Amino acid sequence: MDLALNKDDAAFREEVRRFLKDKLPREIAEANSVGVSVEKPLLKRWHRALYDQGWVAPGWPKEAGGTGWTVTQRHIFNEECAQANAPRLMPFGLGMVGPVIYTFGTPAQKAQHLPGILTGETWWCQGYSEPGAGSDLAALKTKAVKDGDHYVVNGQKIWTSYAHEADWIFCLVRTDDTGKTQEGISFLLIDMKTPGITVRPIVSIDELHHLNEVFFEDVRVPVANRIGEENKGWTYAKYLLTHERTGIAGVPESKKAVERLHRISEATRAGDGKRLADEPDFQRKLAEIEVSLAGLDITNLRILADAAAGRAVGERSSILKVVGTEIQQALQLLAVEAIGYYTLPSQRERLEGRPNAVRVGPDHVNTIFAGYAFGRAATIYGGSNEIQRNVLAKAVLGL
């Protein structure tokens, strides 16, 4: 694996930097980001700017509306966006259901859904987890019964991120309960405006509304909205999860978080009056994280090199998910340690863009506790890390 950029890739990096300098608005780069990304109106502006540039879907094939970039170019783009504080686009359309639709969807489904995903006009959410089916997703019970040219859907989904802002939901439903659990699942695309859908908020420990319960009561969904074959949804779900787990690693974002912690340690005084940057225990913890992140970065590059050479990545994406999310959590915890008692005041109004009081503490404390609290779920969503270790043990190590 050659880590040096060739002439074309180096020129591409400069092109990306120029674009970010010229087109990324300051108010978007400096916006508070907790959870998946910044607030919807700002994110839609950035999404549209990338679409107008033709760069909104780096991972998609050109014939589906993507960039046609190489794996190396996509890696460069992600790194430069993180360095510029460009917010991550909402992943549910571009990173999850979009690839499922252009890979397994019908021509009519592609024509209906891909344009809105690319422009950012249509927002999606993911209907996978249920109260009794999280890590054991195949235990899901939301049922879809065929009635003529429709399915009638009844059941409940939970922990549905941004369902309150979504236009559509891609949903795993049970269409057969007579055989193995994985063999009776279908993959449906459901308009969130359909009668019978109720969304109820879940306010998480960061005091913010990212999550929801979604209830389906006699919801009629056209059979034409099913992806692929009936009872084969597990196949499409696994394909989607491979895309999700690779993105969850967040290597460029963790590199940026390390830089931020170094800046905070330079500006923060410990109890004895010394700079946090001069405290050996804090610096040891940060150095240990940096070593782990360097190893993850190389692992990520190896997997990208395999993908560029046409070799299957498959279950090895679980490595990125496990290590990447644990590094994210370690960085979030260390950031909380760095700001100390500034974690105590609630920053909810400020994070929601409606501050009604004088700021408590320096600017950098606004999102730290909320990011830490939200990040506790990182090792759970996208398939818990315990499950991912089982995947690696069986599929990679052959145990």
Side-chain angles (χ1 to χ4, degrees), residues 3 5 13 16-17 20-21 24 28-38 72 74-88 91 206 245-270 274-304 319-340 342-343 347 361-379 382 385:
L3 296 179
L5 295 180
R13 184 187 291 278
V16 173
R17 287 176 176 172
L20 291 168
K21 182 179 178 181
L24 176 62
I28 294 179
E30 295 179 354
N32 288 322
S33 178
V34 177
V36 173
S37 196
V38 299
T72 302
R74 297 202 299 268
H75 176 71
I76 291 169
F77 179 73
N78 290 336
E79 284 205 321
E80 293 303 323
C81 283
Q83 282 298 313
N85 277 336
R88 271 194 172 193
D206 60 6
R245 288 166 190 160
T246 303
I248 283 174
V251 175
E253 290 78 12
S254 289
K255 288 181 179 181
K256 190 70 176 178
V258 166
E259 293 178 8
R260 184 187 188 201
L261 268 174
H262 278 295
R263 290 196 301 271
I264 291 173
S265 71
E266 293 283 345
T268 303
R269 297 286 172 176
K274 292 182 179 179
R275 297 184 314 159
L276 200 55
D278 298 324
E279 289 290 333
D281 187 54
F282 181 87
Q283 291 303 319
R284 174 187 58 79
K285 292 177 181 178
L286 184 52
E288 288 175 351
I289 296 172
E290 288 186 83
V291 170
S292 296
L293 181 56
L296 177 65
D297 193 18
I298 293 297
T299 301
N300 186 43
L301 291 172
R302 284 180 178 143
I303 290 176
L304 290 173
I319 299 172
L320 302 180
K321 200 277 177 179
V322 170
V323 181
T325 53
E326 290 179 351
I327 287 173
Q328 290 168 33
Q329 289 182 342
L331 286 165
Q332 291 158 353
L333 177 59
L334 194 56
V336 166
E337 291 183 20
I339 68 171
Y342 285 126
T343 60
Q347 304 284 358
D363 290 351
H364 64 250
V365 306
N366 281 349
T367 63
I368 284 180
F369 180 74
Y372 163 80
F374 182 89
R376 296 303 87 194
T379 49
N385 284 14

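These numbers were taken from a predicted model, which means no experiment stands behind them.
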Sequence neighbours left out, what passes side-chain contact (heavy atoms from CB on, under 4.5 Å) with [X]? Give chain and number order.
{"X": "Ser265", "result": "Leu276, Ala277, Phe282, Gln283"}
{"X": "Glu80", "result": "Arg13, Val16, Arg17, Leu20, Ile76"}
{"X": "Ala294", "result": "none"}
{"X": "Asn385", "result": "Lys321, Val322, Thr325, Glu326, Thr379, Arg389"}

Tell me, do [X] and [Y] make a side-chain contact under 4.5 Å, heavy atoms counted?
{"X": "Lys285", "Y": "Leu333", "value": "no"}
{"X": "Leu331", "Y": "Arg260", "value": "no"}
{"X": "Ile264", "Y": "Ile368", "value": "yes"}
{"X": "Thr299", "Y": "Ile319", "value": "yes"}
{"X": "Pro362", "Y": "Val365", "value": "yes"}

Can you see which heavy atom on [X] is nearest to which on [Y], and at what distance?
{"X": "Val38", "Y": "Ala31", "value": "CG1-CB, 3.8 Å"}
{"X": "Asp206", "Y": "Ala370", "value": "CB-O, 3.6 Å"}
{"X": "Thr268", "Y": "Ala338", "value": "CG2-O, 3.6 Å"}
{"X": "Pro252", "Y": "Asn78", "value": "CB-O, 3.7 Å"}

### Message
Taking side-chain contact (heavy atoms from CB on, under 4.5 Å) as the criterion, tell me which of Arg284, Arg269, Lys274 meets it with Glu279.
### Response
Lys274
### Message
Taking salt bridge (Lys or Arg N to Asp or Glu O under 4.0 Å) as the definition, give me every residue that meets it alongside Arg275, ordered by chain and number, with sequence neighbours left out.
### Response
Glu266, Asp278
Rounded to the nearest 0.5 Å, what separates atom [atom1] in [X] from atom [atom2] in [Y]?
{"X": "Ile327", "Y": "Ile289", "atom1": "CD1", "atom2": "CD1", "answer": "8.5 Å"}
{"X": "Ile298", "Y": "Leu293", "atom1": "CD1", "atom2": "CG", "answer": "10.5 Å"}
{"X": "Gln332", "Y": "Glu337", "atom1": "CD", "atom2": "CD", "answer": "13.0 Å"}
{"X": "Leu261", "Y": "His364", "atom1": "CG", "atom2": "NE2", "answer": "9.5 Å"}

### Query
Can Gln83 and Glu259 be counted as having a side-chain donor-acceptor contact under 3.5 angstrom?
yes
## Note on the structure
Across all chains, not counting sequence neighbours, the side chain to side chain donor-acceptor pair (under 3.5 Å) partners of Arg263 are none
### Task
Mind checking side chain to side chain donor-acceptor pair (under 3.5 Å) for Glu79 and listing every partner two or more places apart, or none if nothing turns up?
Lys255
### Message
If we ignore hydrogens and angles and just use 3.5 Å, is the side chain of Glu253 paired with the main-chain N or O of Ala82 as donor and acceptor?
### Response
no
